[in-house]
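Data block below; observations after.
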Amino acid sequence: MFRLNFRIAVRNLLKNKAYAAINIAGLSLGLTAFILLLLYMNHERSYDEWSPGLENVYQVRERHDFSSPDNQERWQDFVDSRAAALLGSKVPSITYATRVDNNWDNEASSVRPERGEPQLVKGLLDADENFFRVFPYVFVWGDPVSALKKPGTVVLKQATALRLFGTDRVLGKTVRLFRWRTDPGQALTVTGVIKEPKGPQSLAMSGILRTGNRDKDPDRPAASTYCAVYVRTRPAADTSALAKTVSRVYLEHRKWLFAARKISWKAYRAKGNYAGMKLLPLKQVHANPPFGENWLEKLKPLLVISVFLFLISVINFVNLATAQSVQRAKEVGVKKVLGVYRRQLVLQFLLEAGLQAFLALFVCIALVELLLPAFNAHFGVSLTFWHHPDIASLCLQLLLAFVLVSLLAGLYPALVLANYDPVRVLKGSYEHGLKGLRLRNALVIFQFVISVSFIIAMGVMQMQMNFMTHRNLGFEKAHLINLRTNYSEDFAERLRRIPGVESVSTTTQVLGNTFNVPEEITYKGRKINLSTVTVSMDALSALKVRAVSGRLFSPNFKQDTINSVVINEQAAKLIGPNPVGQAYDVLSEKEKNTFRIIGVIADYHYDGFDKPVLPTVYKVTALGGTSSTNNLLLRIAAGNQQAVLARVAAEWKRMYPDFPVRYFPVADAFEQVMQADIRLKNLTAVFSVLSVVLSLLGLFALSTFTARRRTREIAVRKVLGATDLQIVSMLNRSFVVLIIAANLVAWPVAYLLMARWLSGYAYRIDVPLFPFAAATVLSVLVCLLTVSIQAGRAAQADPVKALKYE
């Protein structure tokens, strides 16, 4: 029976090539989006699964506000370094604890191998000797127990060893490490080479070194050294009891620190501060970043878009299948008269749907292979299909998707065809009541609700992108170059002498690299929380920020380097009217310092548009360094920028031959900030086009079905004198009503979705009306064009053929 049904299914596909091609194309597009999304989700879920030994590894997280982007307390992944010794000695379930450098923005270090040139290498992390007791990396060369036993050693990944030496047989060789430009360097002996794990890792590194700096914790209670801390627990440890023990031990430690510093613990808690420490399983680290959204939250818009596109392709299949039902009605009637059961008919039509879904799956796999390079470049990943690390699991997921598509797309058409009454069919009546027609109309409305919503979303996103792109940032980003290094007056003077360099300055707050420090001030008896930014004398002038009142820092005023400050508009709102000339106090543990406000500047953007500009106070440091900014800003004159940068690089190499220069245009940092939004907008545009195309196929299917269902009515009207234009208008009228209904449903849906999306931006437009009007006009025009083509064919048909058997 299966063989017979299969042959019938193949024969019907060949007989109706156009419908089969449309069905397969629609399903393959929906499946392609689904599989690309599936590959990405599998990749994100596979972090830190490269070894079974990682099941008992945890990352330590501490609740504090140090270096948080909004100065609010958060569960952060860099903690007081004393946590390693504390947990290792006080928590019996923990066998080993290790301290690891914070991988600050994946900063690069300079490495000079034996008889080689210095190279910038990212991901070289300083750790203590317990690192390989916690992380079960596989050693190609060397011993994990003794590799970091002595300070001055380094273990490299194979790829790093090959890059530096051209071979992975490097045991005993030495490299010299330079962390910053004036670093005298430290000689490190290579004591091990490890394999690259098969799978993504949350602790991205190219090598682990032990300088000895991570072995030491601060001696003074008031001092803190922050780093990442990881622990290994005993197998099958009670996680709930472990969490309680860690929390208790940490609170006891914090209370001891407060007592040693003579700070009231009760007063600290009374301010709403929260102290806590927890262990996060390593497999959950990537999915729970300390700041910002996790990968699943970021993926939600794409997930919703892909699901809707998939639903549109399934709806198209249903509509196209039911549009063909008139042709299959006699076949069903004859089979029922000959004794074929309804169940057998359902299975036959499901087999046909499954065959088309199977062919769509093959087309989809080809499309995935074709689109993967662009997809990888778009999302910054390295996904593969045929070389997937868990191909068996992926094939099982594809099999489940195939079964789901076959059932969703084929079940309803199969039931419709199998339910035809053989007596009525063989008499020539193919009507199946209004119930099926209403469902098909509802499906078309649903399709166009999605399509219109996509079009509206694309329009709103484009207008928000234009708003952000053309918004005044509050500073001039063009021709501004950021060298990733600290300020040196000697080097700055050398750069100022280069023709084309207009200014050299430094700040802790610039687009692409911002470091705000929270500070509580006392102004006229009121406590006000502000962010503190360190700048050089001419930094605000170099940024070309606008002074709203007062003045900027100037070398003509010696007091500016002592206790003069500039504030931004947000801070001025908190302090009160006319703040210029006013003074405030900053209380520390030992003394009170008074600062005088000399100017107010306009707010300028130093982060994404989703975050508001913080109330900020700007202070001039004594040049030579009371603050590490890691930003050296060069304002370059318009013209031959590359020639000027070449002179800057040459001057750098003369002064710092062991550390290659690093810089980026601040304008590029702005593009980086906008990148995620641009990606979402581009994806929405692509899916909007696909959804409209698929919706047109569905509309074509329903117009075909309607024209065939009303064949005799059209013939009678023509015999009675109706013109072709009148018949086309008659058929168009019902579909225009459907499209208008779809727009009426889509408008509030799109409005709510776009209002919610825009609410994620601190600086945004109001939901505009133009995209709604444009989507309506476009959808109606597309409907008229599509239906008119099919209606024109029906109107030009010979009425004699339709009525000769009546």
**Item:** Partners meeting ring-ring contact (aromatic ring centres under 6.0 Å, His included) with F670 (sequence neighbours left out)
**Value:** none
**Asked** Between I35 and F385, is any pair of side-chain heavy atoms under 4.5 Å apart?
**Response** yes
**Prompt:** Is the side chain of N743 donor-acceptor paired with the backbone N or O of V452 at a distance under 3.5 Å, no angle test?
**Reply:** no
**Message:** Could you measure the distance from the CG atom of L407 to the CG atom of L350? Nearest 0.5 Å is fine.
**Reply:** 6.5 Å
**Side chain proximity check, S28 to F362, heavy atoms < 4.5 angstrom** = no
**Heavy-atom pair of closest approach, residues Q397 and N42** = OE1-ND2, 2.9 Å
**Asked** Hey, does F448 have a side-chain heavy atom less than 4.5 Å from the side chain of V745?
**Response** no
**Item:** Exceeds 12 heavy-atom contacts within 6.0 angstrom, atom CG of L769
**Value:** no
**Backbone N/O of R756 and side chain of S759: donor-acceptor pair under 3.5 Å** = yes
**Asked** Just how far is it from atom CZ of R764 to atom CE of M468, taken to the nearest 0.5 Å?
**Response** 12.0 Å
**Prompt:** For the residue pair D48 and S202, what are the closest heavy atoms and their distance?
**Reply:** OD2-OG, 2.6 Å
**Prompt:** Are side-chain heavy atoms of F446 and L311 found at a separation under 4.5 Å?
**Reply:** yes
**Request:** Would you please classify the geometry between the Y40 ring and the H43 ring as parallel, tilted or perpendicular, with 30° and 60° separating the classes?
**Result:** tilted
**Complete:** Interatomic distance, CD1@I765 vs CE@M465, rounded to 0.5 Å, equals 9.0 Å
**Message:** Please report the interatomic distance OG(S453) to OH(Y751), rounded to the nearest 0.5 Å.
**Reply:** 15.0 Å
**Fill in**
Taken in chain and number order and not counting sequence neighbours, the residues that satisfy side chain to side chain contact (heavy atoms under 4.5 Å, CB included) with L784 are N732, V736, V780
**Request:** Return the orientation label for the W757 and Y761 ring planes: parallel under 30°, perpendicular over 60°, tilted otherwise.
**Result:** perpendicular
**Complete:** Between S406 and A353 the two heavy atoms that sit nearest each other are O-CB, 4.2 Å
**Prompt:** Pick one: which of T32, L38, V363 meets side-chain contact (heavy atoms from CB on, under 4.5 Å) with V368?
**Reply:** T32
**Item:** W747/I456 under side-chain contact (heavy atoms from CB on, under 4.5 Å): CA gap, chis, key distance, verdict
**Value:** CA-CA 8 Å; W747 290 343; I456 293 172; 3.9 Å; yes
**Message:** Can you confirm whether P771 sits close enough to M463 that some side-chain heavy atom of one is under 4.5 Å from a side-chain heavy atom of the other?
**Reply:** yes
**Prompt:** Can you find a heavy atom in the side chain of L738 that is under 4.5 Å from one in the side chain of F735?
**Reply:** yes
**Asked** Nearest heavy-atom pair of F34 and A401: which atoms, and what distance?
**Response** CE2-CB, 3.6 Å
**Close side-chain approach of L372 to L36, heavy-atom, < 4.5 Å** = yes
**Fill in**
So CG of N376 and CG of L371: to nearest 0.5 Å the spacing works out to 11.0 Å
**Item:** Nearest heavy atoms of F772 and A750, plus distance in Å
**Value:** CE2-CB, 4.2 Å
**Asked** Should the heavy atoms of other residues, nucleotides or ligands under 6.0 Å from CZ of R471 be counted, would the total exceed 12?
**Response** yes
**Message:** Donor-acceptor pair, distance only, cut-off 3.5 Å: does the side chain of E49 make one with the backbone of K283?
**Reply:** no
**Request:** Run the numbers on L351 and L347 for side-chain contact (heavy atoms from CB on, under 4.5 Å), then give the verdict.
**Result:** CA-CA 6 Å; L351 179 62; L347 290 175; over 6 Å; no
**Prompt:** Rounded to the nearest 0.5 Å, what separation is found between the CD atom of E369 and the SG atom of C364?
**Reply:** 10.5 Å
